[in-house]
2 protein chains.
Amino acid sequence: MESRCENCIIRQFNALRAASTEELKKVSDSKITKKVKRGEALFEEGEKLNGVFCVRNGVSKLSKLSANGKNQIVRLASKGEVMGQRSVIVEEPTNLSAIAVSDMEVCYIPKESIVNTLHKNPDFTFEALRLMSHDLKEADDVIVNMSQKTVKQRVAEAFLYLKSNFGVDNGGFLLVRLSREDIANVVGTATESAIRIISEFKKLGYIKTSGKKISIINEKKLQDLVQGF
Amino acid sequence: MESRCENCIIRQFNALRAASTEELKKVSDSKITKKVKRGEALFEEGEKLNGVFCVRNGVSKLSKLSANGKNQIVRLASKGEVMGQRSVIVEEPTNLSAIAVSDMEVCYIPKESIVNTLHKNPDFTFEALRLMSHDLKEADDVIVNMSQKTVKQRVAEAFLYLKSNFGVDNGGFLLVRLSREDIANVVGTATESAIRIISEFKKLGYIKTSGKKISIINEKKLQDLVQGF
DNA sequence: ATCAACATATGACATTTATCAGTTTTTGAT
DNA sequence: ATCAAAAACTGATAAATGTCATATGTTGAT
């Protein structure tokens with residue numbers, strides 16, 4: 001049987017924490033829980049979304065394809081984060097694709113069961129605004145990093161980000177396992193360039209790898225690099 | 001005498017369009033209209049803001065300084081746009097500086113007269129959310145452009161953006177007059193690189209200049225360039 | 001267990017962009 | 001109108017990054 005939003009701890013991380021019991025009931029009754037396999041798309045750039053996706057488990061990349069065939073990963077979404085709300089709020093096709101980076105469990109919430117809340121419950125709307133403010137700040141930071149940091153610094157920063165946001169397993173390996181191509185697409189560089197830098201970090205002893213897994217050995221060195229030392 | 005928000009057409013461009021008569025009155029009573037000269041700061045990165053700024057006239061750049069002394073302009077704000085709301089909403093110091101790019105007239109609205117509305121009037125909050133959604137989408141686009149377009153393409157795009165967003169005068173010259181350094185900071189490149197590209201565009205007959213003023217002659221060519229032709 | 005498809009890796013080289021150094025032009029204060 | 005400071009400009013060169021080619025390793029479907 002399906003679990004209920006009312007009992008879902010994950011909603012503490014998103015605007016649903018501000019929803020009333022009745023509102024939550026409505027959401028819960030209409031939501032659909034889906035399993036999404038690594039590599040599958042939740043939605044694609046240009047689609048008009050009729051609902052939002054709340055991540056229960058796993059990680060999704062939000063990316064945008066450009067004319068030259070390159071892909072830029074704009075951000076990663078994990079537990080508790082909601083994807084697609086922008087499209088629902090402004091009633092426009094989404095500007096980003098969402099593709100699972102690991103196996104995922106997401107709840108799809110049809111827009112009908114939230115737009116009303118969005119127009120009636122200011123606490124909920126305010127929470128959404130607060131969270132979007134946060135996303136906007138992060139986006140601003142990314143813009144600044146893209147223009148002012150070298151590829152090497154951005155790769156270092158990406159590893160630190162992956163560690164602090166998604167954590168590590170018992171062996172100290174990053175839980176999110178991105179392909180080299182994905183790392184390049186987060187950082188905004190060519191795959192080969194990313195690979196070269198990763199190799200260099202390995203040689204320098206900043207990180208180590210085991211198969212596809214990556215572990216940060218010398219966090220300090222990476223931080224210094226990001227700071228420009 | 002000061003003009004009243006109730007009669008201000010500019011508020012149609014921001015969330016205040018959704019404010020009630022009483023709410024508007026409160027805002028109007030507490031607001032302070034300021035004149036800001038070109039080059040002066042409305043606020044600086046790191047400041048805790050106790051209100052928001054609504055632009056009546058002129059253009060402001062929102063930028064961020066980085067460790068290496070470089071500046072990145074994240075966006076430009078003009079008539080009707082509100083600056084500083086992120087800081088007020090999340091109650092954090094602002095991550096950006098706002099500096100006038102032309103002489104400006106702005107209204108400073110103390111946060112006390114809007115936070116209440118933000119928590120009580122869902123229409124107002126929703127409008128703010130809608131506008132921030134728009135900003136977020138734009139920011140995403142900037143990220144993608146930064147990583148996937150060449151400096152030349154980004155300069156071309158910047159000119160097209162300045163034309164379509166801020167318009168031209170009778171002579172066809174861009175109304176917003178950015179210094180070469182500012183253009184470089186919008187585009188995320190070195191000032192010299194921006195200058196070189198501008199010179200090239202002049203030679204190619206895509207643009208012409210008269211003193212500091214810039215006019216787009218061949219919009220099509222610039223568009224093609226942005227598209228990668 | 002095998003094999004094709006894909007991901008990772010590395011070298012050589014081309015291209016883009018930044019940096020430094022210096023000149024000319026513009027601007028604003030007096 | 002004059003002059004100093006700032007901005008715009010140009011060339012030479014260095015550094016960073018992308019591209020292409022090719023080799024090796026890994027993985028998942030049969």
Side-chain angles (χ1 to χ4, degrees), chain A residues 37-40 61 66-72 99 101-103 145-158 174 177-204 207-214 225-226 228, chain B residues 37-40 61 66-72 99 101-103 145-156 158-159 173-174 177-204 207-214 225 228:
Chain A
K37 286 225 173 309
R38 177 165 174 281
E40 284 178 5
K61 57 182 175 186
S66 74
N68 56 20
K70 286 187 195 165
N71 223 288
Q72 174 66 29
I99 295 170
V101 155
S102 59
D103 290 349
N145 283 339
M146 289 292 246
S147 89
Q148 309 200 331
K149 295 205 165 123
T150 63
V151 174
K152 198 176 291 186
Q153 289 176 308
R154 302 201 309 266
V155 172
E157 199 162 43
L174 294 176
R177 277 162 46 193
L178 296 178
S179 69
R180 304 296 143 111
E181 190 181 359
D182 278 343
I183 292 172
N185 291 345
V186 166
V187 162
T189 189
T191 306
E192 296 94 323
S193 298
I195 288 175
R196 258 181 258 275
I197 289 167
I198 292 169
S199 299
E200 193 187 334
F201 285 175
K202 273 198 280 189
K203 283 204 193 82
L204 290 167
I207 62 173
K208 70 176 178 197
T209 60
S210 167
K212 306 208 72 148
K213 296 183 296 180
I214 290 178
L225 212 162
V226 173
Chain B
K37 287 225 172 310
R38 176 167 174 282
E40 284 178 5
K61 59 182 174 183
S66 74
N68 56 19
K70 287 188 194 166
N71 224 287
Q72 174 66 30
I99 295 169
V101 155
S102 59
D103 289 351
N145 283 340
M146 290 291 243
S147 87
Q148 309 201 330
K149 297 206 164 122
T150 63
V151 173
K152 198 175 290 184
Q153 290 176 308
R154 301 200 311 263
V155 172
F159 285 141
F173 293 100
L174 295 175
R177 277 163 45 193
L178 297 177
S179 68
R180 303 295 144 111
E181 191 181 357
D182 278 343
I183 293 173
N185 290 347
V186 165
V187 163
T189 189
T191 306
E192 296 95 323
S193 299
I195 288 174
R196 259 181 256 274
I197 289 167
I198 292 169
S199 299
E200 193 187 334
F201 285 174
K202 273 197 280 188
K203 283 204 193 83
L204 290 167
I207 62 174
K208 69 175 178 195
T209 59
S210 168
K212 306 210 71 148
K213 296 184 296 180
I214 291 178
L225 213 162

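The sequence lines fix the lettering, A, B, ..., with proteins before strands; numbering per chain opens at 1. In this text the structure is predicted, and so the values were computed from the model without any measurement. As a basis for the values below, the full set of heavy atoms in this structure was taken, side chains included, without hydrogen atoms, waters or symmetry mates.
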Under 3.5 Å donor-acceptor, A/S193 side chain and A/T189 backbone: no
Any side-chain heavy-atom pair of B/F201 and B/V155 under 4.5 Å: yes
Angle by which the axis turns from one end of the helix from C/dA1-D/dT30 to C/dT30-D/dA1 to the other, five pairs per end, to 10 degrees: 60°
Rounded distance in Å - CD (A/Q153) to P (D/dA15): 16 Å
Sugar-phosphate, base or nothing in reach of A/K149, heavy atoms under 4.0 Å: nothing
Between D/dA7 (P) and B/L178 (CG): distance, integer Å: 13 Å
Atom-pair distance (CG on A/D103; C1' on D/dG28), nearest Å: 14 Å
Nucleic acid contacts - residues 189-199 of chain B versus DNA chain C, non-hydrogen atoms under 4.0 Å: B/T189, B/A190, B/E192, B/S193, B/R196
5′-ward residue of the pair B/R177/B/T150 relative to DNA chain C: B/T150
Rounded distance in Å - CG (B/D182) to P (D/dA6): 16 Å
Interface limits on DNA chain C, where chain A has a heavy atom under 4.0 Å of a nucleotide atom: C/dA7 to C/dA12
Reported CZ-to-OG distance for the pair A/R38 and A/S102, which is rounded to 0.5 angstrom: 8.5 Å
Side chains of A/L225 and A/K152 in contact at under 4.5 Å (non-hydrogen atoms): yes
Set of side-chain hydrogen bond (donor to acceptor under 3.5 Å, both in side chains) partners for B/Q148, sequence neighbours left out: A/S66
Residue whose closest nucleotide on DNA chain D lies nearer the 5' end, B/R180 versus A/K70: B/R180
Contact summary for A/R154 and A/M146, nearest pair of heavy atoms: NH1-O, 3.5 Å
Between CG on residue B/L174 and CD1 on residue B/I207, distance to nearest 0.5 Å: 9.0 Å
A/R177: partners by side-chain contact (heavy atoms from CB on, under 4.5 Å), with sequence neighbours left out: A/K212, A/K213
pair B/I195-B/E192: side-chain heavy atoms closer than 4.5 Å: no
Contact under 4.0 Å: B/K212 side-chain N or O vs D/dA8 OP1/OP2: yes
What side-chain donor-acceptor pairs closer than 3.5 Å can you find for residues 178-185 of chain B, not counting sequence neighbours?
from: B/S179; atom 1: OG; to: B/E181; atom 2: N; distance (Å): 3.4
from: B/S179; atom 1: OG; to: B/D182; atom 2: N; distance (Å): 3.0
from: B/D182; atom 1: OD1; to: B/K61; atom 2: NZ; distance (Å): 2.8

5' precedence on DNA chain D between A/G211 and A/V151 (nearest-nucleotide basis): A/V151
Side-chain heavy-atom pair A/E200, A/R196 within 4.5 angstrom cut-off: no
